[in-house]
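Proteins come first, then strands; the chains are lettered A, B, ... in the order of their sequence lines, and each starts at number 1. Worth knowing before you read on, the calculation uses all heavy atoms, side chains too, and leaves out hydrogens, waters and symmetry mates.
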2 protein chains.
Amino acid sequence: MAHISKKAESMPASAIRKLVPFADEAKANGIKVYHLNVGAPDIKSPECALQAVVDACKKNDHISYTNSLGFAELRQGMIDKYYKKIGIDIELPEIMIDVAGSEAFSVAMQIVADEGDEIIVIEPYYTNYNTFARLYGITLKAVHTDIRDGFKVPGMEEFEKLVTPRTKAILISNPSNPTGKLFSKEEMLQIGEFCLKHDLFLISDEVYREFCYTDEAHFSAMNIPGMEQNVILVDSVSKRYNLCGARVGCTVSHNKDVMAAALKFGQSRLCPPVFGQYAAIGALDTPQEYFDAVKAEYIARRDCAIEMLNAMPGVFAPKPMGAFYTIAELPVDSAENFCKWMLTDFRYEGQTTMTTPVASFYKTAGEGTRQVRIAYVLEVPELRKALNVLAEGLKAYPGRIEK
Amino acid sequence: MAHISKKAESMPASAIRKLVPFADEAKANGIKVYHLNVGAPDIKSPECALQAVVDACKKNDHISYTNSLGFAELRQGMIDKYYKKIGIDIELPEIMIDVAGSEAFSVAMQIVADEGDEIIVIEPYYTNYNTFARLYGITLKAVHTDIRDGFKVPGMEEFEKLVTPRTKAILISNPSNPTGKLFSKEEMLQIGEFCLKHDLFLISDEVYREFCYTDEAHFSAMNIPGMEQNVILVDSVSKRYNLCGARVGCTVSHNKDVMAAALKFGQSRLCPPVFGQYAAIGALDTPQEYFDAVKAEYIARRDCAIEMLNAMPGVFAPKPMGAFYTIAELPVDSAENFCKWMLTDFRYEGQTTMTTPVASFYKTAGEGTRQVRIAYVLEVPELRKALNVLAEGLKAYPGRIEK
């Protein structure tokens, strides 16, 4: 019998999604499952985005390929109507549409690193970085940040320790999935200086840019002076307009070699999803009030989540300043066992809560084994119910550790 | 300055798409360019497909992720309303939705082969197989087929010569892009027997299944007896419903290990495009008359193309029995130079024609250097005009070779 490849066999299942079958089974048994596990919010998309898809379906009698770079109208529109507004100054050849942020950083990793090369990440980090690193034979080296410090980025001496001749890039997510950490301008400038010193690329995943909860504006890697040739920006419409399913993102860089390489990868998958591109074109007309309302809503959700989590005995959750995640440390033997147990064993008034264990978001073995990621993607009343169920689960969990 | 990876630098640009800038320039200068270069037909999509997208945009107020496998409704619908009808018998766990056929065969190649492993292909073959093989460190070994034989598949002794301990699979496209070759049931059974003898997977790209022009029905690799654990079917809605831009395809296999591995790859890109999935659900209700009309249209186009091509002095094009491509041998020094020259230098009444040079579709060096792929994707009157321009171009081309 033919056997699958070692690569495919040894590939890890998604830490975020491997509990899905248990959630499905609970639901099949009539249990209400509150999903705090995935960054899939219940916020409406801008009406102009969905209307643009409707209009395109009426105007076109078939759906053809676009250029591998995506619609020129979308690329130019993003420059004029979005990036210019937020202070990122780019030209048409410096932006390419992708199959969401997932493709953008997967390709960016391959553009900066060959097999055997190394990329520095900041742990805890988005777990799919691991998947792609493994597929491409890239080694991730992780700078540690600590939940008790609010995931503060350490001094550059910690990065310095990890640099070898094979180090090619730093990969960050700002604001961060999974921690909600928002990088300050000073932190970004330091990272930039460090990259220039060592000739490193900086892959900056900024898909949560619209979700910043400080008075200070988000400081994009694109605006670090002197880093024009080193920065690869990963972006997406998924979170910004709640169009996660559209699968439309982009790669932005002033570096011509990077963009030429990105196009070659893009040609191999022909073109980005076209219906989604229409939605993204429509979304460019989203009024500022939409973003203001969404931000206010997330601040309310965050405040509710952080307050309720820290009120649970033995639970600690730092207050995130960006994105819509927080990491909470729980009084349990194993967050993975707890998350699974909530789905398979625990019911409170016919309900349970799904959260994501984050040990696999750390490179350092043994870190984060008692932590979960909580996406505060439900309306406050639902979120209260969900966290209440979580609190009841923590009380009842057989592996609870009293501290 | 930071440098891009050797992998990204050495990756070839798409042979099909690298002439695009020259075509764009011609168009910018007011020249009408007939596109015979890409399989992007002008046929209407079924109305039910586009209507389903409109309905979904009205019913949903935001577009969330689906399961990484795709909508269960789409998977079950494809089984019940499509595969059952064409005699392919599968269950729900045996189908997964992908980001079009491109993702499906890219992942299938990684599922069957590790770095250093080998896959047997039949040349000329779809050039993106090269791109993915190169990215994954897989070696393609090619069985040669000849334009003068109508790209007939040779006896298994030719395959036997290529087998080594590293051979993991055979990869075919049936009907074939780029040749239009339709594999007979006998050829498929022989290939199946050969795969079983050597424990090989058979990756069968059948995205052109609805475009067969013989009385005999298409014989799917899924129906080769004894090959249940060896076949990975690659499929797509792109050509079937002229939804190329939807970016929705699927992987189908009875092999549980294959499907489990495919899911892990799928999780890394979160989910397939959701608007496109709605279109694919709608397309399941496409009436048979749609397929009948499309097939009749393509037969008329093919007959027109083959007749006109073979009437040009020095040109030879075999009659394809499937897909909507043919390969034509031209009386030129270099098909690549000719294709480029048509775009940059030749104009006939303000028009020119774009075709694809196919040397890169061959593994064997020096093969196909005088051949082009012609996609007969225009209505007959337009196709006549396009081929007339091609004929004029051939007369005027400075590198013409008299035979």
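- Only the side chain of Asn230(B) comes within contact range of chain A, with heavy atoms under 4.5 Å apart.
- Proximity to chain A is limited to the backbone of Thr66(B), based on heavy atoms less than 4.5 angstrom apart.
- Shown here is Glu228(A), whose CD atom has more than 12 heavy atoms of other residues, nucleotides or ligands within 6.0 Å.
- A donor-acceptor pair under 3.5 Å links the side-chain atoms of Lys264(A) to the main chain of Glu9(B), judged by distance alone.
- With a threshold of 4.5 angstrom between heavy atoms, Ser68(B) approaches chain A through its backbone and through its side chain.
- Ranked by heavy-atom pairs shorter than 4.5 Å toward chain A, the options Ala8(B), Ser268(B), Ala13(B), Ala169(B) are led by Ser268(B).
- Looking at Pro46(B), neither its backbone nor its side chain comes within 4.5 Å of chain A, counting heavy atoms on both sides.
- Closest approach of Phe201(A) and His3(B) over heavy atoms only: CE1-O, 3.2 Å.
- Checked by atom type and distance alone, the side chain of Thr251(B) never pairs as donor or acceptor with a backbone atom of Val234(B) at under 3.5 Å.
- Heavy atoms of Asp117(A) lying under 4.5 Å from chain B are absent altogether.
- Heavy-atom distances place the side chain of Phe132(A), and not its backbone, under 4.5 Å from chain B.
- With hydrogens and angles disregarded, no donor-acceptor distance shorter than 3.5 Å links the side chain of Gln277(A) to the backbone of Leu74(A).
- Of the two parts of Ile4(B), the backbone and the side chain both hold a non-hydrogen atom closer than 4.5 Å to a non-hydrogen atom of chain A.
- In this structure, no portion of Glu103(B) lies under 4.5 Å from any heavy atom of chain A.
- Contacts with chain B were tallied for Ala2(A), Pro41(A), Gly137(A), Cys57(A); Ala2(A) has the most, counting heavy-atom pairs under 4.5 Å.
- Per-residue counts of heavy-atom pairs under 4.5 Å with chain B were compared for Arg269(A), Glu47(A), Lys58(A); the largest is that of Arg269(A).
- Heavy atoms closer than 4.5 Å to chain B are found in both the backbone and the side chain of Asp257(A).
- Neither the backbone nor the side chain of Asp55(B) comes within less than 4.5 Å of any heavy atom in chain A.
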| message | Please determine whether side chain to side chain contact (heavy atoms under 4.5 Å, CB included) holds for the pair Asp61(A) and Asn242(B), giving the CA-CA distance in whole Å, both sets of side-chain angles, and the decisive distance to 0.1 Å. | response | CA-CA 10 Å; Asp61(A) 64 13; Asn242(B) 204 16; over 6 Å; no
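- Highest contact tally toward chain B, considering only Lys6(A), Gln229(A), His62(A), is held by His62(A) [criterion: heavy-atom pairs under 4.5 Å].
- When heavy atoms are compared at a cutoff of 4.5 Å, His198(B) does not approach chain A at all.
- The contact between Ser45(A) and chain B is made by backbone and side chain atoms together, counting heavy-atom distances below 4.5 Å.
- Taking the six-membered ring where the residue is Trp, Phe105(A) and Tyr126(A) present perpendicular rings, their angle passing 60° and hence far from 30°.
- Minimum interatomic distance between Ile170(B) and Phe194(B) (heavy atoms only, all atoms of both residues): CD1-CD2, 3.7 Å.
- Residue contact with chain A, scored on non-hydrogen atoms closer than 4.5 Å, is absent for Gln51(B).
- Within 6.0 Å of atom CD in Glu297(A), more than 12 heavy atoms from other residues, nucleotides or ligands are found, so the atom counts as buried in its surroundings.
- Using a 4.5 Å cut-off between heavy atoms, Pro12(A) touches chain B through its backbone atoms (N, CA, C, O) alone.
- Note: Cys271(B) leads Gly266(B), Ser238(B), Cys271(B) in heavy-atom pairs under 4.5 Å with chain A.
- Atom NZ of Lys256(B) is surrounded by 12 or fewer heavy atoms from other residues, nucleotides or ligands within 6.0 Å.
- Of the residues considered (Ser106(B), Cys244(B), Ala49(B)), Cys244(B) shows the highest number of contacts with chain A, using heavy-atom pairs under 4.5 Å.
- Neither the backbone nor the side chain of Lys168(A) comes within contact range of chain B, judged by heavy atoms closer than 4.5 Å.
- There is no contact between Ala56(B) and chain A, counting heavy-atom distances below 4.5 Å.
- For a residue to count as touching a neighbouring chain, one of its non-hydrogen atoms must lie under 4.5 Å from one of that chain's; by this rule Ser102(B) touches chain A with the side chain only.
- Among Asp114(B), Asn128(B), Val112(B), the residue making the largest number of heavy-atom pairs under 4.5 Å with chain A is Asp114(B).
- Between Gly282(B) and Ala52(B), the shortest heavy-atom contact is CA-CB, 3.5 Å.
- Interface residue Ala246(B): backbone and side-chain heavy atoms are both found under 4.5 Å from chain A.
- Only the side chain of Val99(B) has a heavy atom closer than 4.5 Å to any heavy atom of chain A.
- Here the side chain of Asp205(B) pairs no donor or acceptor atom with the backbone of Gly101(B) at under 3.5 angstrom.
- Counting only heavy atoms from C-beta outward, the side chains of Glu115(A) and Glu115(B) approach each other to under 4.5 Å.
- Taking each heavy atom of Asn37(A) and His35(A) in turn, the nearest pair found is OD1-ND1, 2.9 Å.
- Around CD of Glu118(A), the count of heavy atoms belonging to other residues, nucleotides or ligands within 6.0 Å exceeds 12.
- Note: Ala113(B) leads Cys195(B), Ala100(B), Ala113(B) in heavy-atom pairs under 4.5 Å with chain A.
- With chain B as partner, the option from Thr131(A), Leu196(A), Leu243(A), Leu263(A) having the largest number of non-hydrogen pairs under 4.5 angstrom is Leu243(A).
- A tilted orientation is assigned to the rings of Phe275(A) and Phe275(B), their planes being inclined by 30° to 60°.
- If you measure heavy-atom distances from Val248(A) to chain B, you find no contacts under 4.5 Å at all.
- Contact of Val38(B) with chain A is made through the side chain alone, with heavy-atom distances under 4.5 Å.
- Contact tally against chain A (heavy-atom pairs below 4.5 Å) for Val54(B), Leu270(B), Leu200(B), Val258(B): the top residue is Leu270(B).
- No donor-acceptor distance shorter than 3.5 angstrom exists from the side chain of Tyr136(A) to the backbone of Leu135(B), with no hydrogens or angles considered.
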